[in-house]
Amino acid sequence: MNRWWVGGVVAVTFIALAAAGCSSKKKGSDLEGGQGAGAGLSDESLSGGSLALAKSGQLGAGDTGPLHDIHFDYDSFELDETARQTLQENAQWLKDHPSVRVEVEGHCDDRGTVEYNLALGAKRAAAAKNYLVALGISRDRITTISYGEELPLCQEETEECWSRNRRDHFVPAGS
Amino acid sequence: MRGLRATLLACWTIALAAQAAAQVRSTIIGPGVKRYPIAISPLKQATGSASGDQFTRTLGRDLELSGLFRIIPSDTYIENAQTSGVTAESIDFNNWSVVGALALVKGSAERQGDDLSIEARLFDVAQQRQLAGRRFRGHAADEARMANRFADEIIQYFTGERGPFDSQIAFLSTRGGRFKDAYVMDANGEDVRRVTNENTLNLSPSWTADGRGLVLTSYRLGNPDLYSVSLPRGGWTKLSSLRGLNLGGRWSPDGRRLAVTVEYDGNPEIALLNADGSLLRRLTDHWGVDVSPSWSPDSQQLAFCSDRSGSPQIYVMGADGSGVHRVSTAGNYNTSPSWAPKGDRIAYASRIGGRFQIFTVKTDGSDARQVTNNPGSNEDPSWSPDGRYLAFSSTRGGAAKLYITDAGGTNQAELTEGKGSDTSPAWSGWLE
């Protein structure tokens with residue numbers, strides 16, 4: 001589900017992740033290919049947000065940046081253990097890149113109604129923002145936006161697809 | 001715009017017979033009663049130019065959609081419309097009783113240049129007398145609108161209440177591109193016009209208080225801001241661009257305020273905006289989701305959706321945020337409230353077995369009734385101006401299309417077709 005953006009900067013995160021015992025996420029996290037540490041974040045401006053990707057028909061690849069999606073239960077904006085671990089990794093990356101701001105996108109699967117899901121997406125984005133702030137990331141660096149059910153990564157009527165779409169996506173900006 | 005050339009569309013009552021006693025007639029037809037057989041004769045052409053076909057076609061569609069009438073097929077008609085009379089004295093009603101008609105529409109059309117004049121009369125076939133008559137004068141492009149008006153008058157004659165067809169439905173469709181854009185069509189699904197062409201997310205259209213534009217949420221500048229868009233394809237005016245959601249701007253029926261969903265520290269709450277879009281006051285203050293406000297017709301109360309009980313449910317509160325009480329009692333996922341213009345009921349979508357069905361409930365929470373019951377998902381109910389019908393989206397045939405139903409759910413018909421998905425219908429008030 002998650003395609004890992006690999007770079008030197010992720011190594012620190014990777015160590016923390018391995019320590020946390022997320023063995024399933026180790027795969028593909030070794031330091032091969034991808035952009036090196038010096039590649040910077042020039043490709044990761046806000047133009048890389050889900051709406052811009054959707055406009056160019058490229059939404060669907062999902063999680064490709066240095067910050068990783070978190071996922072939610074149906075009709076829930078609660079952060080489960082896996083989501084909190086991922087947020088800790090994302091927080092660490094943000095601490096290592098203090099000049100980078102981040103936009104948190106809240107998304108839903110399409111089984112709700114449009115307006116309710118826009119509100120739910122806002123709650124999901126806010127939940128992640130508040131957790132990142134609690135982990136020491138300045139509130140000023142984090143903005144949120146809800147896309148409700150409007151920008152799905154996949155269209156199948158399966159729990160796997162719905163689960164993939166129920167996400168917070170993190171878009172770094174600046175350098 | 002084309003459908004709104006009201007000043008040119010002057011109407012005169014050309015016969016005042018039987019204008020009274022409409023209340024009595026409401027017993028003639030109604031929900032649960034067999035459809036009333038009506039014949040719609042082609043109009044007599046007063047000049048050689050072809051006009052009037054759209055009038056009879058649209059009139060037939062409206063009356064069919066109303067669920068109140070059965071249109072006698074025109075290929076069974078005996079009479080030659082061009083040589084027969086159009087008044088009670090000159091019509092041979094036997095020609096209509098033999099084809100099974102109890103009611104009959106006859107009339108004439110005259111076109112001179114771009115000017116169109118249509119005279120239409122409604123007759124009782126058994127009693128051989130005229131029930132109602134109108135002369136419409138306007139632009140040739142207003143022919144369908146003349147038919148919609150006459151349909152509403154026929155419905156008024158038979159039920160005692162004006163019909164809903166001289167109105168429009170705004171909606172969102174992906175028929176023209178990757179994203180949902182706003183469209184407007186006649187209430188019977190005819191004459192679809194595109195309003196926005198933005199290549200971005202556009203959501204939750206509703207009508208401005210004066211009916212001359214739409215309010216919608218668009219991500220055109222990145223943030224989901226609230227805009228007013230003039231019709232037919234006019235300019236965008238930003239109403240509200242608070243950080244985060246500026247969603248579901250609903251004008252109060254008195255035209256003084258807008259109810260919206262905005263975020264307070266990431267928490268969606270219902271708030272009121274002044275007419276210029278500035279923030280007037282916050283109405284809800286709860287940790288959960290509060291969304292989708294819908295005004296009562298007297299502008300004194302709002303229905304909305306909240307998950308404060310742990311699941312999305314329908315609530316009602318005063319327009320000052322006081323007196324919140326829950327209206328939906330069954331089901332664990334109830335959203336999209338729409339308050340009926342008559343004030344008596346609230347329609348909403350309820351999730352049952354993974355699909356949404358339309359329900360209505362009295363505003364005190366009693367007497368919930370299921371309107372749709374089919375394998376598709378039925379969402380976003382919006383009331384007709386007369387409060388007798390609902391427009392909604394449904395996936396019963398595959399991609400989402402718009403449907404109309406009477407509030408009881410007896411007569412459901414598809415309004416839109418073609419490619420893409422059609423969602424979020426918003427029924428306007430009557431045109432002026």
Side-chain angles (χ1 to χ4, degrees), chain A residues 45-47 49-59 74-78 103-133 139 142-152 155 157-159 162 168 171 173, chain B residues 172 177-180 198-204 217 219-220 222-224 243-248 261-270 287-294 304-307 310-312 332-337 348-351 354-356 377 379-380 393 395 400 423-424:
Chain A
S45 71
L46 278 178
S47 63
S50 296
L51 181 54
L53 290 172
K55 285 181 182 178
S56 58
Q58 294 174 307
L59 187 66
Y74 176 68
D75 190 28
S76 170
F77 48 86
E78 278 179 32
E103 179 153 275
V104 186
E105 300 176 348
H107 297 268
C108 305
D109 70 32
D110 66 355
R111 290 181 297 164
T113 44
V114 167
E115 287 200 6
Y116 182 80
N117 273 343
L118 283 161
L120 180 61
K123 296 289 290 185
R124 286 177 174 167
K129 175 177 178 176
N130 291 336
Y131 195 69
L132 290 173
V133 169
R139 188 171 285 278
I142 311 169
T143 57
T144 60
I145 190 165
S146 174
Y147 290 116
E149 64 180 73
E150 305 302 318
L151 300 175
Q155 311 276 356
E157 292 202 7
T158 63
E159 178 50 42
W162 290 323
D168 274 351
V171 184
Chain B
L172 300 174
R178 190 186 302 276
F179 295 107
K180 296 172 181 172
E198 289 291 305
N199 191 37
T200 191
L201 298 173
N202 303 290
L203 301 168
S204 292
T217 298
Y219 288 70
R220 64 205 297 260
N223 193 64
R243 180 77 215 175
L245 291 174
N246 299 263
L247 179 64
T261 303
V262 293
E263 292 178 38
Y264 290 85
D265 293 327
N267 191 12
E269 303 281 10
I270 311 290
W287 62 270
V289 165
D290 293 306
V291 71
S292 299
S294 175
F304 65 105
C305 172
S306 175
D307 73 345
S311 67
N332 59 11
Y333 198 115
N334 299 312
T335 65
S336 309
Y348 60 97
S350 182
R351 194 162 190 264
R355 309 283 179 188
F356 285 95
S377 210
E379 301 181 30
D380 285 328
S393 70
T395 59
T423 53
S424 301

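For clarity, every value in this text was computed on a predicted model and none was experimentally measured. Lettering follows sequence order; numbering is per chain, from 1.
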Nearest 0.5 Å, please: how far is [atom2] in [Y] from [atom1] in [X]?
| X | Y | atom1 | atom2 | answer |
| --- | --- | --- | --- | --- |
| B/K180 | A/E150 | NZ | CD | 3.5 Å |
| B/N199 | A/L51 | CG | CG | 8.5 Å |
| A/I145 | B/R243 | CD1 | CZ | 6.0 Å |
| B/N267 | A/N130 | CG | CG | 10.0 Å |
| A/Y116 | B/N334 | OH | CG | 11.0 Å |

Under 4.5 Å from a heavy atom of chain B, the part of [X] involved:
| X | result |
| --- | --- |
| A/A122 | both |
| A/A54 | both |
| A/F77 | side chain |

Chain A contact via [X] - which portion, at a heavy-atom distance below 4.5 Å:
| X | answer |
| --- | --- |
| B/S292 | both |
| B/T423 | neither |
| B/Y333 | side chain |

Query raised in the report: Shortest non-hydrogen contact from A/K55 to B/R178?
Result: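 In this case the closest contact between A/K55 and B/R178 is O-NE, 3.5 Å.
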
Requested in this report: Begin with the C-alpha distance, continue with both residues' side-chain angles, and end with the deciding distance and a verdict on side-chain contact (heavy atoms from CB on, under 4.5 Å) for B/V291 and A/L120.
Outcome: CA-CA 9 Å; B/V291 71; A/L120 180 61; over 6 Å; no

Shorter than 4.5 Å, heavy atoms on both sides: which option in [options] has the most such pairs with chain A?
| options | value |
| --- | --- |
| B/N223, B/T335, B/D265 | B/T335 |
| B/G288, B/G244, B/G222 | B/G288 |
| B/D290, B/D307, B/D380, B/T217 | B/D307 |
| B/G266, B/P312, B/S336 | B/P312 |

Query - A/E157 and B/R355 ion-paired at < 4.0 Å - result: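 Answer for the salt bridge query: yes.
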
Query raised in the report: Taking atom CD of A/E159 as the centre, does the number of heavy atoms from other residues, nucleotides or ligands within less than 6.0 Å exceed 12?
Result: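 More than 12 within 6.0 Å, yes.
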
**Report entry** Short side-chain donor-acceptor distance under 3.5 Å, B/S204 and A/E115
**Finding:**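 Looking only at side-chain atoms, B/S204 and A/E115 do form a donor-acceptor pair, the distance falling under 3.5 Å.
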
